[in-house]
There are 2 protein chains.
Amino acid sequence: MCSIKDVAKHANVSVTTVSRVLNDFPNISAKTRQKVLDSITALDYHPDYMARSLSKQQSLIIGVIIPDCSHPFFAELVKHIEMTAENNGYKILLCNSLNDEKKERSYINMLKEKRVAGIIMGSHLINTDFYQSIHRPIITFDRYLGDNIPYIGSDNFTGGQLATQHLIDSGCKSLLHISGSHQLHTQANKRSDGFKITCIENDINYQILEYQYAQLTFDYYYEYIKTTVSPLLSEIDGVFCSNDILAYALYVYCTNHDISVPKTLKIVGYDYCQFTRLLQHPRITTIAQPIPIIGELLSKNIIQMIEDGETHNVYSQTLGVKLVKGITT
Amino acid sequence: MCSIKDVAKHANVSVTTVSRVLNDFPNISAKTRQKVLDSITALDYHPDYMARSLSKQQSLIIGVIIPDCSHPFFAELVKHIEMTAENNGYKILLCNSLNDEKKERSYINMLKEKRVAGIIMGSHLINTDFYQSIHRPIITFDRYLGDNIPYIGSDNFTGGQLATQHLIDSGCKSLLHISGSHQLHTQANKRSDGFKITCIENDINYQILEYQYAQLTFDYYYEYIKTTVSPLLSEIDGVFCSNDILAYALYVYCTNHDISVPKTLKIVGYDYCQFTRLLQHPRITTIAQPIPIIGELLSKNIIQMIEDGETHNVYSQTLGVKLVKGITT
DNA sequence: CTGAAAGCGCTTACAG
DNA sequence: CTGAAAGCGCTTACAG
């Protein structure tokens, strides 16, 4: 591994000159530039990223903190975050918080250690105040943390409305919404608002259930349905689930307990992630979030914040959603 | 953001002393240590990771290169790689090669820029020679690149045998194996060997088809089945697919074309990743790879290689597989 | 037990 | 158009 000094010696110029060639400075004679370039290839020289970062006081790495990259929704989100970052010269440091608050905090400390230039935050256990002490680029997925921290998310309110209105238009008279915990003030809570308002406007009976955040797995959801949801199932004829894995777990529960979907019970999910798109039996009726665009915007915006050194230019963005009709309604 | 100098000044000691406290050196008086510790908390000081890396000439980051983190198999693998890395003080830089050779190469250059201390390579388009010029810690998933580069993988040969024997035991008389390209010398090719030998030993007719690596998506597989596999379907009664998404695509194709599974055609997949485990209709018969253990070993071993500075102590490892019976056989 | 100084490999005013 | 020197924020022999 040779350093810039070796190149300078080999090309018979100063270190400064080599650095200038490396960084494409204009005022260099064609001859000198070529000499340096030749030495670089001759020695197979590669600039040391750490040294460059230290002297430029910048890191081309973005931290991405999510609950679990094996969850199909986040797997897909991360893919698009990474692709966009890569296209803009950044790499991503992937962190699974596993919904553990301590881990979230310790991952965020990467900012203070200057390991990363900014963070995309998709895991939401730490309370809002903590973030205000950081004063460095952070953008979130689907959570409001304060006016100086932008978020990107889908139009959860409209999503809630679309899902609910669809259930009502399909003939449902009594609805249930199964939601993630409202304790965390995430934008996803607005799905419940959309649900509630649409029910009220249509003069429809409704109930809302909140599961706690833990493992976001099929098994957890299935257990939750068995213990908490199933007692209500006789009173209702339509369910709006806060995500597709949950919706699928409910569908499977119904199949196993001779509840006919969509005849007796209609189900709408949320996300339309890869798993849902692949699933053929059943095709779940769901609200589609534009995952690729969300990922892209998270990356682009955090990069803009990093490079501008300012937050004001970046605004929170809410992206359109649409209903995808399957056979569960 | 304050530096080690500020802490030194605040505590009235030298920078050296602060550094010693930071690095838990033994020979420091309790009093001095406490003074420094107090200053650190008073100033909310966090050591600069870049500076430390530069002077120690080490990076606590592992590069992870895979084709696509949104593929359920890799999503799960990455999760376990990351968890293990984190538990050992390392972070991971996630790279999706999207099966693009250029990207693979440029991601590997991270090693030469000292951005990462080592690389876990799960994407296999570059030919073997290239790696020999790197002389730095690399470990691969499922591919042999040379004696000095260990790999971790499941027992592909046995997997192929198990799948094939199971089809034969279920009454199949004429088998097809759909495999990834054999051009890349990955360990996965041994699945075909296991298949072939088991067919020969049992005196069974067989054929092998190779699809090209491109997008590893359901849609690609479905199209491939339509154009290339379907003409053969009348001659055979059992298929061993090289992965579960492919097996699922085949199942869906059969459903859509009135081919009864498992009656007319029996199907065995490979992987038993999250998608397959979640899938209830149908539960696919498949060969389960121990994904969590593979991820864990990839991390642990690359870390050992990094810290030992030697390759010899790390050996390639082949992990056991088992058959999971579903309803497609 | 503690500190002054050199060094890690770059970049960037400053000077010519 | 080019170079000598200081600096980024740490660590680590070396000396006492």
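Residue numbers start from 1 in every chain, and the chains themselves are labelled A, B, ... in the order their sequence lines are given, proteins ahead of strands.
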query = With a non-hydrogen cut-off below 4.0 angstrom, is S19(B) in contact with a base, only sugar-phosphate, or nothing?
reply = base
Are there any protein N/O atoms within less than 3.5 Å of an N/O atom in nucleotides 1-4 of chain C, and if so, which ones and at what distance?
| unit_1 | atom_1 | unit_2 | atom_2 | d |
| --- | --- | --- | --- | --- |
| dC1(C) | OP2 | N27(B) | OD1 | 3.4 |
| dT2(C) | OP1 | S29(B) | OG | 3.2 |
| dT2(C) | OP1 | T32(B) | OG1 | 2.3 |
| dT2(C) | OP2 | S29(B) | N | 3.2 |
| dT2(C) | OP2 | T32(B) | OG1 | 3.4 |
| dG3(C) | OP2 | S14(B) | N | 3.0 |
| dG3(C) | OP2 | S14(B) | OG | 3.2 |
| dG3(C) | OP2 | T17(B) | OG1 | 2.6 |
| dG3(C) | N7 | R20(B) | NH1 | 3.3 |
| dG3(C) | O6 | R20(B) | NH2 | 2.4 |
| dA4(C) | N7 | T16(B) | OG1 | 3.4 |
| dA4(C) | N6 | T16(B) | OG1 | 2.7 |

ask   = Taking NZ from K5(A) and C1' from dG9(C), how many angstroms apart are they, rounded to a whole number?
value = 8 Å
request  = Starting from C1' on dC10(D), measure out to CD1 on I4(B) and report it in whole angstrom.
outcome  = 6 Å
request  = Figure out the CG/P separation between D48(B) and dC8(C), and round it to whole Å.
outcome  = 18 Å
ask   = Under a 4.5 Å cut-off applied to non-hydrogen side-chain atoms, are T41(A) and D44(A) in contact?
value = no
ask   = Would a distance-only check, ignoring hydrogens and angles, find a side-chain to backbone donor-acceptor pair under 3.5 Å from T32(B) to I28(B)?
value = no
message = dG7(C), OP1 or OP2 - any side-chain N/O from Q57(B) closer than 4.0 Å?
response = no
key: Atom-pair distance (NZ on K9(A); C1' on dG9(C)), nearest Å   = 14 Å
Passing option when Y131(B) is tested against N148(B), T140(B), I138(B) for side chain to side chain contact (heavy atoms under 4.5 Å, CB included) = I138(B)
inquiry  = Any side-chain to backbone donor/acceptor pair from H124(B) onto F141(B)? Under 3.5 Å, distance only.
reply    = yes
note = note: R52(A), atom CZ; dG7(D), atom C1'; distance rounded to Å ~ 17 Å
query = Sequence neighbours excluded, which residues qualify as salt bridge (Lys or Arg N to Asp or Glu O under 4.0 Å) partners of R115(B)?
reply = E113(B)
query = Yes or no on side-chain contact (heavy atoms from CB on, under 4.5 Å) for L319(B) and Q289(B), after CA distance, side-chain angles and deciding distance?
reply = CA-CA 8 Å; L319(B) 303 168; Q289(B) 300 201 59; over 6 Å; no
inquiry  = Distance check needed: dG9(C) P versus R115(B) CZ, whole Å only.
reply    = 17 Å
query = Short question: side chain of S19(A), backbone of V15(A) - any donor-acceptor pair under 3.5 Å?
reply = no
task = Return no unless some side-chain N or O of S55(B) is found under 4.0 Å from OP1 or OP2 of dG7(C).
result = no
query = Is the centre of the Y315(B) ring less than 6.0 Å from the centre of the Y151(B) ring?
reply = no
key: E104(A) versus N99(A), side-chain donor and acceptor atoms under 3.5 Å   = no
query = From the list dT11(D), dG9(C), dC10(C), which nucleotide is the closest neighbour of the side chain of Y45(A)?
reply = dC10(C)
key: Secondary structure of DNA chain D in dot-bracket form (Watson-Crick or G-U wobble, distances below 3.5 Å, | marking inter-strand pairs)   = |||.||||||||.|||
Rounded distance in Å - CG (N23(A)) to P (dG9(C)) = 17 Å
key: I40(B) CD1 - dC10(D) P separation (whole Å)   = 10 Å
message = On DNA chain C, does the nearest nucleotide to M50(A) precede the nearest nucleotide to F25(A) from the 5' side, or the other way round? Give the residue.
response = M50(A)
